[in-house]
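For reference, the structure discussed in these notes is given below.
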2 protein chains.
Amino acid sequence: MLLLPIFVFAGAPAGVNGASAVSVMPLPASVKVNAGKLRLDASFTVGTSGFTDARLERAILRMQHRLRRRTGLVLPLGVAPVPAPPTLTVAVKEAGATYPKFGEDESYSLSVEGDRATLSATAVVGAMRGMETFSQLVSGDGDGYYFPLVNVQDKPRFPWRGLMIDVGRHFQPVDVIERNIDAMAAVKMNVFHWHLSEDQGFRIESKKYPKLQGMGSGGLYYTQEQVREVIEYAADRGVRVVPEFDMPGHTSSWMVGYPELASAPGPYELEMRWGVFDPTMDPTREETYEFLDAFIGEMAALFPDEYFHIGGDENNGKQWKANPQIREFMRAHGYHTTAELQTYFNQRVLKIVQKYGKRMVGWDEVLTPDLPKETVVQSWRGYKSLDRAAREGYGAIWSTTYYLDHMGPAEYLYLSDPLPADSTLTKEQASHIVGGEVCAWGEFLSPENIDSRIWPRTAAVAERFWSPRDVNNVADMYRRLDVVSVWLEQPGLQHLSSTNRMLRQISGTAELGSLGMLGRIASPEGVGTREQMNHHGTPSTQLIPLVKLTDAVVPDPPFRRQFAALVDEVLSDAPKFGAGSEELTKTFQQWRDMGPGFGAISAKAPVLLNASGRVLQLEKLGGAGLEALSYLRSGSAPPAGWKESQLALIKQAETPDASLVKLPWLASYRALILAAAEVGGVRKSDRKEWKQKVLNEAAKQEPPAKYTW
Amino acid sequence: MLLLPIFVFAGAPAGVNGASAVSVMPLPASVKVNAGKLRLDASFTVGTSGFTDARLERAILRMQHRLRRRTGLVLPLGVAPVPAPPTLTVAVKEAGATYPKFGEDESYSLSVEGDRATLSATAVVGAMRGMETFSQLVSGDGDGYYFPLVNVQDKPRFPWRGLMIDVGRHFQPVDVIERNIDAMAAVKMNVFHWHLSEDQGFRIESKKYPKLQGMGSGGLYYTQEQVREVIEYAADRGVRVVPEFDMPGHTSSWMVGYPELASAPGPYELEMRWGVFDPTMDPTREETYEFLDAFIGEMAALFPDEYFHIGGDENNGKQWKANPQIREFMRAHGYHTTAELQTYFNQRVLKIVQKYGKRMVGWDEVLTPDLPKETVVQSWRGYKSLDRAAREGYGAIWSTTYYLDHMGPAEYLYLSDPLPADSTLTKEQASHIVGGEVCAWGEFLSPENIDSRIWPRTAAVAERFWSPRDVNNVADMYRRLDVVSVWLEQPGLQHLSSTNRMLRQISGTAELGSLGMLGRIASPEGVGTREQMNHHGTPSTQLIPLVKLTDAVVPDPPFRRQFAALVDEVLSDAPKFGAGSEELTKTFQQWRDMGPGFGAISAKAPVLLNASGRVLQLEKLGGAGLEALSYLRSGSAPPAGWKESQLALIKQAETPDASLVKLPWLASYRALILAAAEVGGVRKSDRKEWKQKVLNEAAKQEPPAKYTW
């Protein structure tokens with residue numbers, strides 16, 4: 001997918017469902033904003049009517065604490081005693097499921113009037129969703145805090161709105177998991193998919209097979225007590241926890257302690273590198289299924305959700321093909337491919353999963369003949385497999401475009417749809433698309449930077465999962481994303497502070513100067529480019545500390561849009577080209593002059609030296625940017641060859657290098673250069689046309705971006 | 001104590017113990033720096049010789065992880081196998097105490113040579129101290145990372161180097177406590193004094209008296225399991241944990257569940273306000289001592305340290321005087337004052353503490369006749385009580401000048417000494433001064449801002465406790481404090497990121513603009529001023545969310561020193577007054593123009609409106625600053641009355657207002673104004689004299705600051 005550079009952010013409101021009037025994310029299915037305000041002050045009380053329970057009351061208390069911290073007001077805590085009419089009444093009909101459940105009723109309606117507000121929902125979980133909307137509506141003016149008067153009717157578009165976190169490749173402590181669950185709940189996501197085992201680590205305590213975590217985790221795993229804590233924490237926020245144990249491949253870590261599970265003799269070691277590896281469970285031995293029966297039984301009892309993910313992806317088949325006994329088994333069963341053998345394995349595992357009362361989920365490789373229809377298929381290989389699953393009547397989850405490690409901008413993720421407008425599925429088939437999952441793969445995630453990889457981009461996807469399909473105005477999405485991004489920091493996410501914190505750590509100074517500027521304007525290369533570059537040097541492993549510049553900077557930095565807006569402002573001001581250029585001039589001067597400051601810092605922090613090339617380019621880009629502004633202002637054409645050298649410079653700056661960071665605003669920069677080169681061509685009468693021509697040309701020259709495998 | 005404004009930070013090195021050559025804090029007793037470097041690369045191994053145990057090996061592992069995260073190098077983890085000679089040898093003679101212990105040998109020596117380093121210590125805890133020094137020595141150059149070649153001989157000046165955290169007034173979760181213990185260990189502090197009970201909250205689980213936490217904590221307390229976790233965590237880092245249960249006063253929270261402990265009939269409620277309150281234990285009833293015997297027995301078994309703090313401060317005596325039975329008891333015992341009755345109570349409690357094998361610690365009110373000599377007295381009321389304790393042979397801890405909530409700058413804390421050079425104590429008496437404790441009282445501490453209240457200032461005090469008395473160069477302290485402040489962020493402290501995070505939360509935007517500037521240059525008023533200002537309006541309570549501007553900004557912001565350096569640069573450039581003023585000009589312009597940006601943010605975030613007055617002053621200070629620079633540059637005198645209006649403006653800006661923030665750099669600003677007013681008087685021949693005159697005059701006009709009660 002080729003993204004056009006974004007040039008306009010101000011301007012027309014989204015126009016859909018009153019989008020422009022509120023800053024809520026996800027945008028509700030229907031919002032009607034009325035004139036007037038409900039004041040929020042120390043008299044603000046919350047009461048319940050109909051059903052209530054401890055879970056609802058804890059959710060009310062969380063909302064109150066959040067509003068207190070946002071406003072500084074001493075709001076009363078807890079549920080107000082019955083006789084006095086509360087400011088907000090939460091009216092719930094029934095408890096709903098004890099643990100959140102696939103397909104339960106999450107709808108709610110919210111009515112805010114001048115003196116009272118009412119939140120109505122069938123089940124507690126619907127009231128939780130409604131409280132997230134209500135909290136995000138809080139605003140302030142000269143007279144204090146208030147809620148706008150609204151009528152909201154809301155329900156999710158998809159019932160399965162997930163985030164997968166891979167803790168196998170890099171372990172993430174419980175507090176990281178919990179703060180991400182808080183953020184999920186804030187944007188109405190409801191499935192935490194916990195990818196618990198990988199070649200590189202087995203991350204959960206098994207009491208039946210203690211060598212799994214004992215030898216397969218390097219000491220980094222969750223105790224069952226911690227897992228129960230996380231499940232309760234998530235349930236309290238209306239979030240399901242679906243565990244994944246990837247098999248039969250991606251299982252090196254299992255075989256460190258239990259080599260007999262493998263299809264080739266051991267011993268096995270914990271895998272340190274990234275990639276697809278040979279160790280695969282032996283699907284021909286009954287002992288394998290006895291092991292899995294006991295293990296899955298143990299885990300099925302631990303996780304209350306009715307779904308159980310068995311992975312099933314990326315088995316390279318090498319161990320199977322090399323093992324004569326397995327070849328013989330295949331021959332005897334008439335299997336011509338290892339895929340067929342894997343189908344056999346899946347069917348056997350499925351029986352075990354079913355025996356323990358669970359429905360199976362698997363990556364799209366599990367989609368094989370005779371798969372029971374209750375299975376859910378998670379598609380990571382494109383619409384073809386997603387749609388096939390839906391056509392065949394399986395529940396289907398879309399993940400292909402939501403791999404965060406490709407570092408696509410929020411708008412790319414946002415415009416990807418599990419069920420796009422041009423889908424060829426029938427209405428019945430389409431009903432099998434149950435939702436999607438954002439995937440946070442763990443190769444380059446540390447507790448320090450994980451939040452900034454997941455957030456705020458995932459909030460845009462959360463809107464895709466929850467809101468109607470026609471809520472798709474990118475400018476309005478970004479406007480609201482900037483607001484919700486700050487809101488998400490409250491429960492403890494580090495996504496807005498981790499860059500500078502990490503840069504301070506590696507540079508050893510709090511006065512970041514040029515390095516701080518670099519941290520603000522650069523973004524990490526995607527996983528593909530990173531691995532490609534690494535293969536030229538040292539292949540990366542789980543041992544490498546994730547403290548490089550590329551680990552610190554964030555995907556889709558707001559600077560890309562700020563810069564685009566500044567360039568647009570200059571280009572719109574033809575033929576004067578004056579306004580807006582003060583800020584741009586300052587920016588370019590800082591780039592032009594950033595060498596010495598960066599040099600001084602990197603001289604003492606050699607880990608930064610690999611960014612020296614990018615900084616040199618930035619110095620040149622700054623200088624040429626100043627020249628471009630001066631040509632534009634004076635209306636005089638640059639000398640021959642100027643344009644070509646600048647375009648060559650841009651090309652160089654677009655080329656991946658050892659820094660492993662890219663400059664995601666080069667499209668806008670290119671437009672500025674082209675405009676300066678063509679400034680002679682602009683006449684008063686065709687300014688708009690001229691600007692559009694420049695922008696089109698810049699977009700055409702933009703190298704294609706790929707944000708999936 | 002009146003602090004002179006600081007004008008010079010560059011310049012002369014400390015000159016003590018080679019201070020200027022390394023950036024370690026606390027500075028070791030003796031450092032000799034030699035020419036050359038020991039390279040740090042992937043071949044860097046750590047081995048042990050002599051004694052080793054799991055505690056030492058965990059400390060080595062922590063050091064390795066820290067160096068990895070600082071450098072990005074894939075350093076080998078764990079202790080290198082014996083035959084190969086390691087890069088760093090940690091040579092320890094013996095285990096030392098299982099739990100860190102008062103007075104144990106913490107000395108070490110460190111020798112870094114071109115190819116090897118050796119860290120020698122008697123006990124494991126000494127090796128831990130040495131590893132902190134070694135880690136902080138890591139540096140970088142164009143060829144990579146290295147350690148300078150040094151010879152260090154080091155040992156602490158005082159054996160008791162503490163930090164008290166009051167979790168009674170505001171609860172602090174375990175992770176906050178643990179990251180502060182990490183920071184303590186990083187600067188070689190060794191006593192975490194846990195102030196666990198207060199009128200406002202009883203913060204620890206008692207199994208014998210479960211209504212203590214059940215009714216006295218609002219649900220915010222540590223389980224005994226958590227307490228054990230904290231004790232182990234601290235022990236692993238060579239930090240003792242001394243619990244405090246303040247009695248007989250400050251005990252409202254005890255009486256919510258156990259009103260029979262009080263000297264007046266109940267019922268009692270958890271105290272929400274701050275101050276000194278009436279509820280006091282009844283010292284005349286035997287049941288009181290039976291309760292305390294069982295309770296202290298339970299706690300004495302939980303905390304392994306041999307010291308046990310019973311508080312004993314601020315009993316107002318009102319309940320005692322009002323109770324006829326207690327009056328009769330006093331008469332019968334011949335007590336004329338409630339202080340005498342408290343002595344009786346202390347003696348009884350002391351017996352219980354002794355019965356459980358502990359030594360008693362108390363605030364200086366416990367210093368009464370017949371107190372056993374093994375008691376340690378913590379002085380918060382000045383040198384008179386400290387010295388009296390030492391003269392009478394008690395162990396004495398200095399805290400009077402280390403109350404962080406008075407918001408004194410690091411240099412004030414740093415120059416305060418438990419045993420100042422002008423002490424009149426004899427050498428024997430002086431030996432009873434065992435150290436000091438920094439006190440973090442909890443009225444205005446939240447998990448969000450507590451780190452910034454404690455750090456980095458406490459690192460300067462840690463140096464006072466550890467390093468020789470003559471290590472006292474303020475400029476060199478600040479130079480190293482800036483380095484260690486970043487270093488302290490690594491284990492998780494939030495002190496460098498909390499201001500902007502909190503400002504984002506209350507403003508609802510990540511683009512802080514003027515608010516970010518304000519956050520950088522303002523600092524919180526001390527607790528005295530804050531309480532005084534609050535008494536005009538709403539008295540503060542533990543219910544009020546700590547999210548005001550004053551809660552977000554940090555004490556002693558680096559800007560104070562940066563601004564002082566800029567002013568000094570201008571004044572030193574007489575009679576041209578050109579250099580340095582570019583940065584100052586930019587700063588003043590930002591202040592002059594900050595109104596609209598701040599207005600836009602505060603219009604939507606009313607909690608910020610109380611800072612509008614300060615912002616108005618800043619706009620004027622910015623404008624006048626620009627005028628001052630222009631008079632200085634042109635050498636022309638300002639018009640009549642200019643100086644007087646600017647000084648009036650400064651006075652206004654120095655006056656506490658509803659913002660509860662101060663501008664801690666006004667001393668330097670005043671010097672600039674005075675210089676501009678006197679610019680006519682400068683002749684080439686007496687520039688230095690002129691500058692000094694201006695500075696002296698500015699210092700004279702500085703209002704006195706008070707950083708103790």
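Because the structure is a prediction, the values reported are computed rather than measured. Proteins come first, then strands; the chains are lettered A, B, ... in the order of their sequence lines, and each starts at number 1.
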Exercise. With a 4.5 Å cut-off on heavy-atom pairs, point out which of A/S497, A/G142, A/G508 contacts chain B the most.
Key: A/G508

Practice problem: For each of A/K548, A/Q494, A/R70, A/E489, tally heavy-atom pairs with chain B at distances under 4.5 Å, and name the one with the top tally. | Solution: A/E489

Quiz item: B/Q490 and side chain to side chain contact (heavy atoms under 4.5 Å, CB included): which partner among A/E448, A/Q505, A/R501, A/R504?
Solution: A/Q505

Self-check item: A/T71 versus chain B, the contacting section by heavy-atom distance below 4.5 Å
Solution: backbone

Quiz item: Looking at A/R68 and B/I544, what are the two nearest heavy atoms and their distance?
Solution: NH2-N, 4.4 Å

Practice problem: Answer with side chain, backbone, both or neither: which region of B/V486 has an atom nearer than 4.5 Å to a non-hydrogen atom of chain A? | Solution: both

Quiz item: With chain A, which of B/G492, B/P558, B/S507 has the greatest number of heavy-atom pairs at distances under 4.5 Å?
Solution: B/G492

Quiz item: With a cut-off of 6.0 Å (strictly less than), are more than 12 heavy atoms of other residues, nucleotides or ligands near CZ of A/R39?
Solution: yes

Practice problem: Measure B/S446 against the heavy atoms of chain A and call it side chain, backbone, both or neither at under 4.5 Å. | Solution: neither

Exercise. Against chain A, label B/L67 side chain, backbone, both or neither, depending on which of its atoms sit under 4.5 Å from a heavy atom there.
Key: neither

Quiz item: In this structure, are over 12 heavy atoms from other groups packed under 6.0 Å from B/K604 atom NZ?
Solution: no

Quiz item: Taking every heavy-atom pair that is under 4.5 Å apart, which of A/S139, A/A605, A/P447 has the most such pairs with chain B?
Solution: A/A605

Quiz prompt | Under 4.5 Å from a heavy atom of chain B, the part of A/I601 involved | solution = neither

Quiz prompt | Counterpart residues, side chain to side chain donor-acceptor pair (under 3.5 Å), relative to B/E511 (two or more places apart) | solution = A/Q562

Exercise. Please state whether the side chain, the backbone, both or neither of A/L73 comes within less than 4.5 Å of a heavy atom of chain B.
Key: backbone

Self-check item: B/Q589 atom CD, neighbour heavy-atom count above 12 within 6.0 Å
Solution: yes

Quiz prompt | Heavy-atom proximity to chain A below 4.5 Å, by part of B/A603 | solution = backbone

Exercise. Can you tell which part of A/L496 gets under 4.5 Å to a heavy atom of chain B, answering side chain, backbone, both or neither?
Key: both

Quiz prompt | chain A contact via B/T509 - which portion, at a heavy-atom distance below 4.5 Å | solution = backbone

Quiz item: Between B/I506 and A/R69, what is the shortest heavy-atom contact and its length?
Solution: CG2-O, 3.9 Å

Self-check item: A/P606 to B/G140 - nearest heavy-atom pair and separation
Solution: CD-CA, 3.9 Å

Quiz item: Which bit of A/S485 is near chain B, if near means a heavy-atom gap under 4.5 Å: side chain, backbone, both or neither?
Solution: neither

